[in-house]
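Beneath this line is the structure, given in structure tokens, with notes to follow.
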There are 2 protein chains.
Amino acid sequence: MDNPEASGRDSAEPDGLIDALVQVSFTTTAVLSKVAADNDLSLTQLRVLAILRDRRLRMAGLADYLGLEKSTMSGLVDRAEKRGLLQRAASLDDGRAVDVFLSPDGAELIERLYAGILRSLSPMTTALTPAEQRRLQTLLERMLGTSAV
Amino acid sequence: MDNPEASGRDSAEPDGLIDALVQVSFTTTAVLSKVAADNDLSLTQLRVLAILRDRRLRMAGLADYLGLEKSTMSGLVDRAEKRGLLQRAASLDDGRAVDVFLSPDGAELIERLYAGILRSLSPMTTALTPAEQRRLQTLLERMLGTSAV
DNA sequence: TATTGTTATACTCTATAACTATA
DNA sequence: TATAGTTATAGAGTATAACAATA
């Protein structure tokens, strides 16, 4: 976990993979948070922009995506809208629903952020050889594919 | 990122690895947050307990570990201490410093949490064969080893 | 009746700034 | 002077509960 040495693993222990997975996740999240913070965004705000990068979603859709309550989404969207990063519009299909989508400023910002993310994370991935990178990608995608979680 | 399809990758794109890495990190973090929430803890509180699992650290040490401000640590430790999960004690070496360590209840809790984490994350890892699991662990540890990030 | 979204409320997380005590 | 930690303050993130509007 946060303390891999605590389990005394040296790559031979059964839970070593999960420890490594958690460790890598924290490192990755820290990098993403840094990129977001450098642009006065929280990690959640960054994720909202990323999700809307090429879609228009309803409030409920966004909340589902992030695993948050609708009321939490209202606040997040309020603040991002106030900053001119995204917009709301009544849904045409359903009078109760509200569509959310990026404003031009928001679209421009997420492109910059995305480039920043690739730049910030590449030191991690380029620690591996190209062949290793391909293998790692395959394994990660196989784990995701089994969306057992 | 949060929207891998947005980059139109199909495992052939250069940034596919980073997309997968981010995706896996979010999934992993969501599982950890769920385990924490099921025990009325935030992810950060869980991390504090995990870090202290087998060490006694000063406030500053904890803050460094988590990348948080000292004042933030004060609040986190206050609340956890109030719940009887950890304790503070004046450092013997340095009159200004404060050591933090788990209480018996906190120690018991983190063991249960750790077991819960392994159980909750195993559906992801067991999607891979044992040989793949070993390879993945090796690759992840190699990425971490190059603590370039 | 059920669903979509907002508002009110409360609490946690977080940072910045100002402060105390020790080094 | 510099460092360790706390406190005060403010804002963001989060959930629960109550509500209005629409389905």
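No hydrogens, no waters, no symmetry mates; every other heavy atom, side chains included, goes into these values. Letters go in sequence order (proteins before strands), and every chain restarts at 1.
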* Using the closest heavy atom to pick a nucleotide of DNA chain D for each, name whichever of B/M59 or A/S42 lands nearer the 5' end. =>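 Its nucleotide being nearer the 5' end, the pick is B/M59.
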* Taking for each residue the nucleotide of DNA chain D with the nearest heavy atom, is it B/V98 or A/L43 whose nucleotide lies nearer the 5' end? -> B/V98
* Asked: Does OP1 or OP2 of D/dT6 have a side-chain N or O of B/S71 closer than 4.0 Å?
  -> no
* With B/A63, which residues qualify under side chain to side chain contact (heavy atoms under 4.5 Å, CB included), at least two apart? ->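 Side chain to side chain contact (heavy atoms under 4.5 Å, CB included) list for B/A63, sorted by chain: B/M73.
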* Does B/D93 have any side chain to side chain contact (heavy atoms under 4.5 Å, CB included) partners at least two apart in sequence or in another chain, and if so, which? ->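 For B/D93 the side chain to side chain contact (heavy atoms under 4.5 Å, CB included) partners, ignoring immediate neighbours, are B/R58, B/S91.
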In whole angstrom, give the distance that lies between atom [atom1] of [X] and atom [atom2] of [N].
X	N	atom1	atom2	answer
B/D40	C/dT12	CG	C1'	12 Å
A/L57	C/dG5	CG	P	10 Å
A/L41	D/dA12	CG	P	12 Å
A/L68	D/dT16	CG	P	11 Å
B/E69	C/dT16	CD	P	5 Å
A/D64	C/dT3	CG	P	13 Å
A/L62	D/dT14	CG	P	13 Å

Return a table of donor-acceptor pairs under 3.5 angstrom between the side chains of residues 104-112 of chain B and protein atoms on other chains or two or more places apart.
unit_1: B/E111; atom_1: OE1; unit_2: B/R53; atom_2: NH2; d: 3.2
unit_1: B/E111; atom_1: OE2; unit_2: B/R53; atom_2: NE; d: 3.1

* To do: Just jot down the side-chain hydrogen bond (donor to acceptor under 3.5 Å, both in side chains) partners of B/K34, sequence neighbours excluded, or say none.
  => B/D38
* Mind checking what makes side-chain hydrogen bond (donor to acceptor under 3.5 Å, both in side chains) contact with B/R96, not counting sequence neighbours? -> B/D94
* Modelled atom types, side-chain donor and acceptor of A/Q137 and A/Q133, under 3.5 Å ->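 No, no side-chain donor-acceptor contact under 3.5 Å.
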* **Of all pairs that satisfy salt bridge (charged side-chain N to carboxylate O under 4.0 Å, His left out), the ones with a partner from residues 68-78 of chain B, not counting sequence neighbours** => B/D78-B/R88
* Scan for salt bridge (charged side-chain N to carboxylate O under 4.0 Å, His left out) pairs involving residues 114-136 of chain A, sequence neighbours excluded, and state none if there are none. => A/E132-B/R142
* To do: Mind listing the residues from residues 72-89 of chain A sitting with a heavy atom below 4.0 Å of DNA chain C? Number order is fine.
  =>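 Nucleic-acid contacts, sorted: A/S74, A/R88.
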* Structure fact -> Heavy-atom contacts, protein to nucleotides 18-23 of chain C, under 4.0 Å, summarised as B (base), S (sugar-phosphate only) or - (none) per nt, yield ---BBS
* **Ring-face cation contact, A/F26 with B/R47, 6.0 Å cut, 45° max** =>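 Yes, a cation-pi geometry.
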